[in-house]
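When a ligand or atom number is given, it counts from 1 through the structure's own listing order. Note that the coordinates shown come from a computational prediction; the quantities given were computed from them, not determined experimentally.
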Amino acid sequence: MQSHLADVWFRVTDLDVVSGSGCWVTTATGERYLDFTSGIAVTSTGHCHPKVVAAIQEQATKFIHAQVNVYRHPLLEQLGARLNDITPDSIDTFYFSNSGAEATEGGVKLARQVTGRPNLIVFSGSFHGRTAQTMAMTTSKTGYRAGHSPLPSGVFVTPFPYSHRMGVDDDTASRQCIEALQHLLLSQTAPSETAAIFIEPVLGEGGYVPAPPQFLQALRELCDEHSILLCIDEVQSGFGRTGTMFACEQANVRPDILLMAKGIASGFPISAIGASHELMAKWPIGRHGGTYGGNPLGCAAALATIDVLTEAGFMANVVAQGERLRNGLRQLAQKFPAISDVRGAGLMVASEFGDPERAKKVIAHCASKGKLLLMNAGTYGTSVRWMPPLIVNDAEIDQALTAFGNALAATE
Ligand code: PLP
């Protein structure tokens with residue numbers, strides 16, 4: 001049968017799925033798979049969490065689309081207030097859009113508008129999206145940009161403190177990367193021409209690499225010194241993924257602009273830009289917009305998701321399961337030296353392989369024999385990333401570790 005779908009979608013598996021529940025997806029032939037991809041770190045509360053489903057169903061009977069320029073629906077302010085509660089203190093005002101890339105684009109527009117400066121700095125290994133502007137800010141793989149040039153200019157790239165790959169400790173990596181950034185500000189884009197520095201506090205597509213807290217703190221100081229906006233992209237790391245609501249909290253670093261998407265609504269496409277009221281007030285009315293931003297179904301899904309994420313014991317489970325997972329992976333690393341590093345916080349965990357082919361084989365074996373879905377990441381494709389739904393339990397972590405161990409043994 002001829003497919004009428006574009007081939008451009010890269011595929012992790014060939015599975016045809018018909019439903020999902022919690023950490024599990026069911027295929028058209030009735031097989032169940034443990035989904036440790038969470039649809040690329042999206043289904044924070046698991047597939048089809050009953051509270052999220054109920055909120056969407058209820059909202060669908062009232063309004064599916066209530067266009068934000070034409071009138072206001074009540075969930076907009078409710079979601080703004082909820083996000084104000086859970087985001088860092090520096091953030092209290094929100095703009096809604098539909099995807100991570102769109103939030104990043106909006107963040108760029110906001111930063112340029114309020115500073116009057118043209119340039120942006122991003123980090124090597126970054127991923128900020130696939131639109132023209134965000135492709136220009138994405139440096140994790142050439143494949144994301146190939147054939148799409150010319151891309152927008154004004155983007156400068158500086159090294160990310162990836163200490164494992166640099167072969168140094170976190171302090172040294174942080175110091176060297178701050179020095180490289182200072183050099184960039186002297187040699188290529190002067191502070192007076194630099195609107196914002198965009199950073200993922202944990203590189204996502206770049207390999208699940210947490211930035212050392214001391215680096216994020218030094219970056220904050222450098223931004224303050226030069227009045228450059230610090231724009232923290234928590235599209236992948238936000239909403240409890242790392243065991244705190246946002247990863248930047250762990251370094252006690254406050255963003256000027258916070259980008260949110262993915263886990264915000266358990267899979268409903270909605271994203272947000274957060275900033276201070278003072279900063280947002282400098283964005284003139286009408287300078288940014290979009291038809292669907294603040295969609296009522298998305299707001300309902302986000303509110304229900306945040307309710308679940310803030311339930312007693314929820315975050316403790318993320319921390320405990322993350323520890324269980326990393327401990328299990330470290331034990332496997334002792335038995336299988338192919339794993340050179342296990343890192344991460346909460347349930348944003350990577351097991352690093354020296355050899356991308358081995359990583360690929362292990363992932364394929366996990367899917368075919370272990371009924372476990374995993375993905376790789378990183379410029380070299382050497383990081384296997386672990387991003388299960390945040391509601392994962394002991395038995396599911398153990399089952400995944402067993403499948404992974406079997407795959408390691410079978411691919412030696
Ligand atoms: N920023 C980060 C850190 C991401 O991980 C992603 C997607 O993976 C994006 C931005 C882009 O988000 P979207 O795919 O929703 O456009």
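- Closest non-hydrogen pair, Ala132 versus Glu105, comes out as N-OE2, 4.3 Å.
- For ligand 1, the atoms closer than 4.0 angstrom to any heavy atom of Glu205 are 8 (O).
- At least one heavy atom of Lys262 sits less than 4.0 Å from an atom of ligand 1.
- Near Gly100, meaning under 4.0 Å from any of its heavy atoms, are these atoms of ligand 1: 11 (C), 12 (O), 13 (P), 15 (O), 16 (O).
- Of the protein's heavy atoms, none falls inside 4.0 Å of atom 14 (O) of ligand 1.
- Taking atom 5 (O) of ligand 1 as the reference point, the nearest protein heavy-atom neighbour is Gln236 NE2, 2.8 Å.
- Taking the six-membered ring where tryptophan is involved, the planes of Phe123 and Phe160 are perpendicular, since the angle between them exceeds 60° and thus also 30°.
- We find the SG-CD1 distance between Cys248 and Ile199 to be 11.0 Å, quoted to the nearest 0.5 Å.
- Applying the side chain to side chain donor-acceptor pair (under 3.5 Å) test between Thr411 and each of Lys361, Arg358, His365 identifies Arg358 as the sole match.
- Contact annotation for Ala101 and ligand 1: heavy atoms of both the backbone and the side chain come within less than 4.0 Å of the ligand.
- Among protein heavy atoms, the minimum distance from atom 2 (C) of ligand 1 is reached at Phe127 O, 3.3 Å.
- In this structure, Gln113 and Pro284 have side chains that are in contact, with non-hydrogen atoms separated by less than 4.5 Å.
- With a 4.0 Å heavy-atom cut-off, ligand 1 is reached by no atom of Arg130.
- Only the backbone of His128 comes within 4.0 Å of ligand 1, judged by heavy-atom distances.
- The residue from Val108, Leu229, Val114, Ile232 that alone fulfils the side chain to side chain contact (heavy atoms under 4.5 Å, CB included) condition with Ile257 is Leu229.
- Ring geometry for Phe404 versus Trp386: interplanar angle over 60°, hence perpendicular rather than tilted (30 to 60°).
- Checked against a 3.5 angstrom limit, the closest N/O atoms of Asp233 and ligand 1 fall inside it.
- Within ligand 1, counting atoms from 1 as listed, the ones closer than 4.0 Å to a heavy atom of Gly129 are 11 (C).
- Residue Glu200 has at least one heavy-atom neighbour below 4.0 Å for each of these atoms of ligand 1: 3 (C).
- Under the 3.5 Å distance criterion, the side-chain polar atoms of Ser266 are left unmatched by any main-chain donor or acceptor of Thr43.
- Side chains of Thr189 and Thr194: a donor-acceptor N/O pair is present below 3.5 angstrom, by distance only.
- Residue contact check: Ser99 has heavy atoms under 4.0 Å from atoms 15 (O), 16 (O) of ligand 1.
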